Amino acid sequence: MSVIPVKGTHDLYALDASKNRYVREMFKNAALLYGYHELSVPVMEYTEIFQRGAGESSDIVRKEMYTFLDKGNRSVTLRPEFTAGVMRAIVSNKLYATEDLPMKIFYEGPAFRYERPQLGRYRQFTQFGVEAIGLDSAAMDGETILLAIQAFALLGFEHLSIKINTLGDEESRKNYKKALKAYFSEHIDEMCPDCHERMNINPLRMLDCKVEHDQEIAKNAPKIKDYLSVASEERFYKTLSILNSMDIDYEVDDGLVRGLDYYSEVVFEIHAKSESGNDYGALCGGGHYSNLIKQFGGPDMSGVGFAVGVERVVSLMEELSLFPDLDEGIDAYIIPVGEEMAEKAFELTTSLRMEGFKTETPLYAGKLGSLLKKAVKRNAKYAIIIGEEEYARGVCQIKDLSKAEQQEIKIEDLRDALDALIIQKGE
Ligand code: AMP
């Protein structure tokens, strides 16, 4: 039997898990600042939810989904992204009717894509994301981008590269796709087999083909900005003016089309440079979409959102030393000296835990020296030592492990003393 994790998946233990949680928590804090509520959706959906949501022409649907038949012979898929499932949940629960609009939700959890594992690209990865539904405006789009930027600022990022583009409304895209088709049809013989398919399903996808030669061809393709309707152009400039008014640096990248079919109007990505030059790809990507809720049988309502790849953010934060000390350790390690004392130490530990102190005890009586070493290893602020003679007198020793200072204290005063000492240490 192999004990190797499935290719492209990872185990996260202790500090690594804390880092992943920290990034999600900071994003959640930013989302709460902007008035978002959490929506938790299942890890799997019926396959057609993603086929229709992410779109038949996306690489995700064509090649990357973990799809299987369940024992009832239904085709289900592990979510490759959240937006489609979130829209399905909004329609299933009629949240568009019961909630005040815009309805602003955040989500987090694992997503699964059968991709070639490499730096910043896994088969199971963690996403945090937001969606704001029911207010179709450049201001809502702008606010969503600001939320992403604020979350990265909370994490300590200083130099972000924000790429932004518009895909225009349906009319703009229809005309643009026509122009793309005409352009690519002159080069199609030199392009990869995938692009042959993309040409028929959605020529926009040819702009983010990964094949180098195809990328060269795509560079000279027509640009969306020449096909925008007046309304789409105005809307885009309004969103940009919101970013300008907040002094946000961004780059309009007219090659940015994003890999999912549902986007319309503004799309954006956030990148950051690693010091060693590692390219983790986009940390975050998102944009505005029009048809999703309607496609799932709900009303004609648009939305805007983004998703962050938590592992990529963690890797960059490690390189840039942006993490605070996440290994908090414990407040006190309770050391029993003498067989009789193990039980008493356990009682004391339990009562301190009830009071909210992070405490541990070895659950056996050992040698003082080796248990003190354990206390240091557990990163305890204090060791509390209870021996038989002292216990009989109602006292214990409290030892500051950073200073090697020790004092005797009444057991009944321990809670208050520990409280005071920890507050002092915090300062
Ligand atoms: P997407 O849903 O493709 O827009 O992706 C949103 C974000 O999720 C990206 O910007 C990445 O940070 C992250 N992401 C996407 N695919 C992967 C992957 N295979 N491994 C790790 N992170 C990913």
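Computed from a predicted model, the values in this text were never measured in an experiment.
Closest non-hydrogen pair, L372 versus A383, comes out as CD2-CB, 3.8 Å. Of all heavy-atom pairs between L147 and V130, the closest is CD2-CG1, 3.9 Å. Closest non-hydrogen pair, I270 versus A148, comes out as CD1-CB, 3.9 Å. The two residues R88 and F296 make their nearest non-hydrogen contact at N-CD1, 3.9 Å.
A cation-pi geometry, defined here as NZ or CZ lying under 6.0 Å from the six-membered ring centre and within 45° of its normal, holds between R123 and Y114.
Using a 4.0 Å cut-off between charged nitrogen and carboxylate oxygen, E318 and K19 count as a salt-bridge pair. Looking at K104 and E143, a side-chain N of the basic residue comes within less than 4.0 Å of a carboxylate O on the acidic one, giving a salt bridge. The pair E360-R378 meets the salt-bridge criterion, since a charged nitrogen lies less than 4.0 angstrom from a carboxylate oxygen. We find that R62 and E197 are joined by a salt bridge, their nearest charged nitrogen and carboxylate oxygen being less than 4.0 Å apart. Between K238 and D141 no salt bridge is recorded (no basic side-chain N to carboxylate O distance below 4.0 Å). Electrostatic pairing of D279 and R312 does not count as a salt bridge here, judged by no charged N lying under 4.0 Å from a carboxylate O. The existence of a salt bridge linking E216 and K219 is confirmed by a sub-4.0 Å separation between a basic side-chain nitrogen and an acidic carboxylate oxygen. In summary, K381 and D331 engage in a salt bridge, as defined by a charged side-chain N under 4.0 Å from a carboxylate O. A salt bridge links R198 to D59: at least one charged side-chain nitrogen sits closer than 4.0 Å to a carboxylate oxygen. The residues R258 and D208 are annotated as not salt-bridged, no charged nitrogen and carboxylate oxygen being separated by less than 4.0 angstrom. One finds no salt bridge joining K28 and E108 here, because no Lys/Arg side-chain nitrogen approaches an Asp/Glu carboxylate oxygen to under 4.0 Å.
Between F184 and M191 the shortest side-chain heavy-atom distance falls below 4.5 Å. Between P299 and I293 the shortest side-chain heavy-atom distance falls below 4.5 Å. For the pair F128 and V23, the minimum side-chain heavy-atom distance is 4.5 Å or more. Side-chain contact between M140 and D136 is absent, with no heavy-atom pair separated by less than 4.5 Å. Contact annotation: the side chain of E251 never approaches that of I162 to less than 4.5 Å [non-hydrogen atoms, C-beta and beyond]. A 4.5 Å side-chain heavy-atom check between I335 and Y333 finds at least one atom pair inside the cut-off. Counting only heavy atoms from C-beta outward, the side chains of C192 and V211 approach each other to under 4.5 Å. Between L371 and K374 there is a side-chain heavy-atom pair separated by less than 4.5 Å.
Taken from CD1 in I105 to CD1 in I133, the straight-line distance is 5.5 Å, to the nearest 0.5 Å. Summarising the geometry, atom CG belonging to L95 is positioned 10.0 Å from atom CG belonging to L101; distances are rounded to the nearest 0.5 Å. Here the straight-line distance linking atom CD of E64 with atom CZ of R113 works out to 6.5 Å at 0.5 Å rounding. The distance from atom CD of E355 to atom OG1 of T350, rounded to the nearest 0.5 Å, is 12.0 Å. In this structure, CZ on F357 lies 12.5 Å from OG1 on T349, to the nearest 0.5 angstrom. Between the OH atom of Y262 and the CG atom of N291 there is a distance of 13.0 Å, given to the nearest 0.5 Å.
The distance between the ring centers of H37 and F106 does not fall below 6.0 angstrom.
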Go through the steps for E405 and K399 under the test salt bridge (charged side-chain N to carboxylate O under 4.0 Å, His left out), then give the verdict. CA-CA 6 Å; E405 275 171 12; K399 188 177 172 76; over 6 Å; no
Stepwise side-chain contact (heavy atoms from CB on, under 4.5 Å) test for L348 and T359: CA-CA 10 Å; L348 187 59; T359 40; over 6 Å; no
Pair Y263-H288, ring pair (Phe, Tyr, Trp, His ring centres under 6.0 Å): steps then yes or no: CA-CA 6 Å; Y263 290 113; H288 175 271; 9.2 Å; no
Where do L33 and N29 land on the side-chain contact (heavy atoms from CB on, under 4.5 Å) test, with the steps shown first? CA-CA 6 Å; L33 280 178; N29 289 345; 5.8 Å; no
side-chain contact (heavy atoms from CB on, under 4.5 Å) between F50 and T67, intermediate numbers included: CA-CA 10 Å; F50 297 117; T67 297; over 6 Å; no
Could you walk me through whether F152 and F27 pass the ring pair (Phe, Tyr, Trp, His ring centres under 6.0 Å) check? CA-CA 8 Å; F152 280 107; F27 264 91; 5.2 Å; yes
Candidate pair Y107 and V41, rule side-chain contact (heavy atoms from CB on, under 4.5 Å), full reasoning: CA-CA 8 Å; Y107 58 77; V41 288; 5.5 Å; no
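Test Q295, E265, E131 against Y289 for side chain to side chain donor-acceptor pair (under 3.5 Å) and you get one pass: E131.
Open room surrounds CD on E48; 12 or fewer heavy atoms of other groups in view lie less than 6.0 Å from it. Within 6.0 Å of CD in Q118 there are more than 12 heavy atoms belonging to other residues, nucleotides or ligands. Under a cut-off of 6.0 angstrom, the local environment of CD in E170 is sparse, with at most 12 non-hydrogen atoms contributed by other residues, nucleotides or ligands. Around CG of D413, the count of heavy atoms belonging to other residues, nucleotides or ligands within 6.0 Å exceeds 12. Residue Y34 qualifies as enclosed at atom OH: its count of foreign heavy atoms under 6.0 Å is above 12. Taking a 6.0 Å sphere around NZ of K177, one finds it holds more than 12 heavy atoms contributed by other residues, nucleotides or ligands. More than 12 heavy atoms of other residues, nucleotides or ligands shown are found within 6.0 angstrom of NZ on K223. Surrounding CE of M199 are more than 12 heavy atoms belonging to other residues, nucleotides or ligands, all under 6.0 Å away.
With hydrogens and angles disregarded, no donor-acceptor distance shorter than 3.5 Å links the side chain of H271 to the backbone of S161. Without hydrogens or angle criteria, Q124 side chain to A111 main chain gives no donor-acceptor distance under 3.5 Å.
No hydrogens or angles considered: nothing links the side chains of Y176 and D226 as a donor-acceptor pair under 3.5 Å. Side-chain contact of S274 with E319: a donor-acceptor pair under 3.5 Å is present, judged by distance alone. For S290 and S302, the side-chain atoms include no donor-acceptor pair closer than 3.5 Å.
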